[in-house]
Amino acid sequence: LQKTDLEWLVVKVQDITIINMYNPPPVRLATISIPVLTPPCVYSGNFNCYHTEWSYSRCNSDGNGLIDWASANDLTLLYNPKEPNSFHSAHWYKSRPSLCQ
């Protein structure tokens, strides 16, 4: 893995590996530093990137990179724009999606 500011915590619950990740702004998301886990697994967290796939009005290069990385690793986006956001903040207006395999 590449040296990065990306932080993560991995736990195993029965047979499912769950990874919670945080990419602190203004750091660019280096997808090469995201560990590839053996299925079944769930990736969750704050990647600090934007993409229309999870209801942002625009994409940024980090969001495009995350979509490409998820596709290359056969991950499925768990996000339903009709569901309410998972939390509310004065700074963030959208919930963050999870990826699973």
| query | Any salt bridge (charged side-chain N to carboxylate O under 4.0 Å, His left out) pairs touching residues 47-60, not counting sequence neighbours? | reply | none
| query | In this structure, which one of Tyr50, Trp54, Tyr43 forms a side-chain contact (heavy atoms from CB on, under 4.5 Å) with Leu66? | reply | Trp54
| Between Thr38 and Cys41, which heavy-atom pair has the shortest distance, and what is it? | O-CB, 4.0 Å
| remark: Output for pair (Asn73 CG, Asp68 CG), nearest 0.5 Å, gives 11.0 Å
| field | Working for side-chain contact (heavy atoms from CB on, under 4.5 Å), residues Leu75 and Trp69 | value | CA-CA 9 Å; Leu75 294 166; Trp69 178 87; 3.1 Å; yes
| Any side-chain heavy atom of Asp62 sitting closer than 4.5 Å to one from Asn48? | no
| Taking all non-hydrogen atoms of both residues, which atom of Gly65 and which atom of Thr31 are closest, and how far apart? | O-CG2, 3.7 Å
| query | Between SG of Cys59 and CD1 of Ile67, what distance do you get to the nearest 0.5 Å? | reply | 8.0 Å
Atom pairs and distances, donor-acceptor, side-chain atoms in residues 11-27, under 3.5 Å, two or more places apart:
unit_1: Asn23; atom_1: ND2; unit_2: Val27; atom_2: O; d: 3.1
unit_1: Asn23; atom_1: ND2; unit_2: Phe47; atom_2: O; d: 3.4

| query | Is the side chain of Ser33 donor-acceptor paired with the backbone N or O of Ala30 at a distance under 3.5 Å, no angle test? | reply | yes
| task | State, to 0.1 Å, how close Pro35 and Trp8 come at their nearest heavy-atom pair, and which atoms those are. | result | CG-CE2, 3.8 Å
| said: Quick check: closest heavy atoms across Gly63 and Cys49, and the distance to 0.1 Å? | reply: N-CB, 3.4 Å
